[in-house]
Amino acid sequence: MISKKMIALVEGSGAIRAMFEEGNRLAALYGRENVFDFSLGNPNFPAPEAVKQAISDIINNEDPVTVHGYMSNAGYADVRESIAASLNSRFGTSFGLNNIIMSVGAAGGLNVVLKTLLNPGDEVIVFAPYFVEYGNYVGTFDGKLVVVPPDTSDFLPKPEALEAAISPRTKVIILNSPNNPTGVVYSAETIRRIAEVLEKGQQTHGTSIYIISDEPYRELAYDGVDVPYLTGFYENTIVCYSWSKSLSLPGERIGYIVIPDAAYEYQLLFDAACIATRMLGFVNAPSLMQRAAAKCLDAKTDIQSYDRNRKRLYGWLTDCGFECVFPQGAFYLWMKSPVPEPEFIEAAKRHNILLVPGGAFGCPGYVRLAYCVSPDTIEHSLPAFKKLAAEYPKIDHS
Ligand code: PLP
């Protein structure tokens, strides 16, 4: 008999698997191009040319024993140095190689950090709606996920609600901006107020509370909106970064963790995170991709295409009468469901539109659309959305 924890997870993953199967079923019936799959955050735009060039340069010019070999669990020293220098020039920080640990994407980074920090029963606070995997990651290390209910007026984390959620067992709060699933970006003022509440919480309970800043969407911000760097606001901040979305490399599994000197028990934390990297079976982040990423620190994905998708879809859906949050970042559109969302998801499927229910993010009553699809998919989906909207006479179709 397999682990009881895993049995529960297999049962719980039914909805996502069903959606995947539904996509295949509809594609077989109507053709892949007639299925509008907005369910997955898998970038449809290729990695920038610089990535291909970097991989080819490394393969052709660098020593293959080094390129494909083991290295320190934290990753190649020269790669970590380059990342630290790049962060310092962008955000005015003063990191060095000993503040950076290369990771297997943001997911790998989050698991390493949670393993490093959590004792069984320690509490991890998240703001709904939140990335669905946080619960699984926290559960792996026997932590307890504490969900702060959403403020649906703007989907920003509210300091008062955070204060009410803090307890003597609070160890971590996970922040994710630009946010999946809402697309909102947290302002410097929001972060400053969160930091104040956490400082107070630490003092009240005599504990250390860490922010984990989960940042796979950092580079995907529109209209010049500022995405503040959190280590400048709160000392106990650990950053989990990833190139999955920023360079369209989700399958390559590459990112890094930042552990600043100012974090509580920095040296122990850093050393433990290196051991966690090894123990979780990552051993180190993929070697070739570490070297390639370091050569592409200034490369940019096709943000203009995401931006065009964002404006087209938002404009169309709101014209159809749907209520949506205008996304400032990431590549998700968060839309109010006009009826209970399971019913709406089924109705959308009848128009070959696949959406993710808000309940999967701890926020029923909404749906998420991932608009990292091709512009053609967006254009071809528009009449289907129009027909879907027509099924709900109560929404304003002007
Ligand atoms: N965190 C958030 C908020 C995400 O949306 C994702 C992926 O979609 C991840 C973490 C995991 O990203 P990675 O592919 O870098 O592991």
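Atoms within each ligand, like the ligands themselves, are counted from 1 in listed order. No hydrogens, no waters, no symmetry mates; every other heavy atom, side chains included, goes into these values.
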The reported gap from OH in Y366 to OG1 in T152 (rounded to nearest 0.5 angstrom) is 4.5 Å
Inset, instruction - Give a yes/no on ligand 1: does P216 have at least one heavy atom closer than 4.0 angstrom to it? - result: yes
Notebook entry, point to check: Taking the non-hydrogen atoms of Y217, is any one of them nearer than 4.0 angstrom to ligand 1?
Noted result: yes
(Q) Please report whether the ring centroid of Y234 lies less than 6.0 Å from that of Y210. (A) no
Filtering D214, V132, N111, N180 for the heavy atom nearest atom 2 (C) of ligand 1 leaves D214
Item checked: Contact with ligand 1 for E133, non-hydrogen, under 4.0 angstrom -> no
If you scan protein heavy atoms around atom 6 (C) of ligand 1, the nearest is F131 CZ, 3.5 Å
Those residues at least two apart in sequence (or on a different chain) that pass salt bridge (Lys or Arg N to Asp or Glu O under 4.0 Å) with E341 are none
heavy-atom search around atom 15 (O) of ligand 1 in the protein gives S242 OG, 2.6 Å
When distances are taken from atom 11 (C) of ligand 1, the protein heavy atom at minimum range is A107 N, 3.9 Å
Is the shortest side-chain heavy-atom distance between V51 and L249 below 4.5 Å?
yes
Exercise for the section: Ignoring angles and geometry beyond distance, decide whether A106 reaches within less than 3.5 Å of ligand 1 through its nitrogen or oxygen atoms. Expected result: yes
Atom 16 (O) of ligand 1 has as its nearest protein heavy atom R253 NH2, 2.7 Å
_Please check whether P250 reaches ligand 1 - meaning an N/O of the residue sits under 3.5 Å from an N/O of the ligand, judged on distance alone._
no
For S244, the atoms of ligand 1 under 4.0 Å from one of its heavy atoms are 13 (P), 14 (O), 15 (O)
TODO: May I ask you to check whether N176 has an N/O atom sitting below 3.5 Å from an N/O atom of ligand 1?
DONE: no
Atoms of ligand 1 under 4.0 Å from any heavy atom of G105, numbered from 1 in the order shown, are 15 (O), 16 (O)
So, do F385 and L313 sit near enough that their side-chain heavy atoms are less than 4.5 Å apart? yes
Less than 6.0 Å separating the ring centroids of Y306 and F45? yes
- Query: Looking at Y241 versus Y256, is the centre-to-centre ring distance below 6.0 Å?
  - Reply: yes
Side chain to side chain donor-acceptor pair (under 3.5 Å) between N24 and R32, worked out: CA-CA 8 Å; N24 287 337; R32 188 62 69 191; 2.9 Å; yes
### Message
If you measure every N or O of K245 against every N or O of ligand 1, does any of those distances drop under 3.5 Å?
### Response
yes
Exercise for review: Using a 4.5 Å cut-off on heavy atoms from C-beta on, say whether the side chain of S177 contacts that of Y217.
Suggested key: no
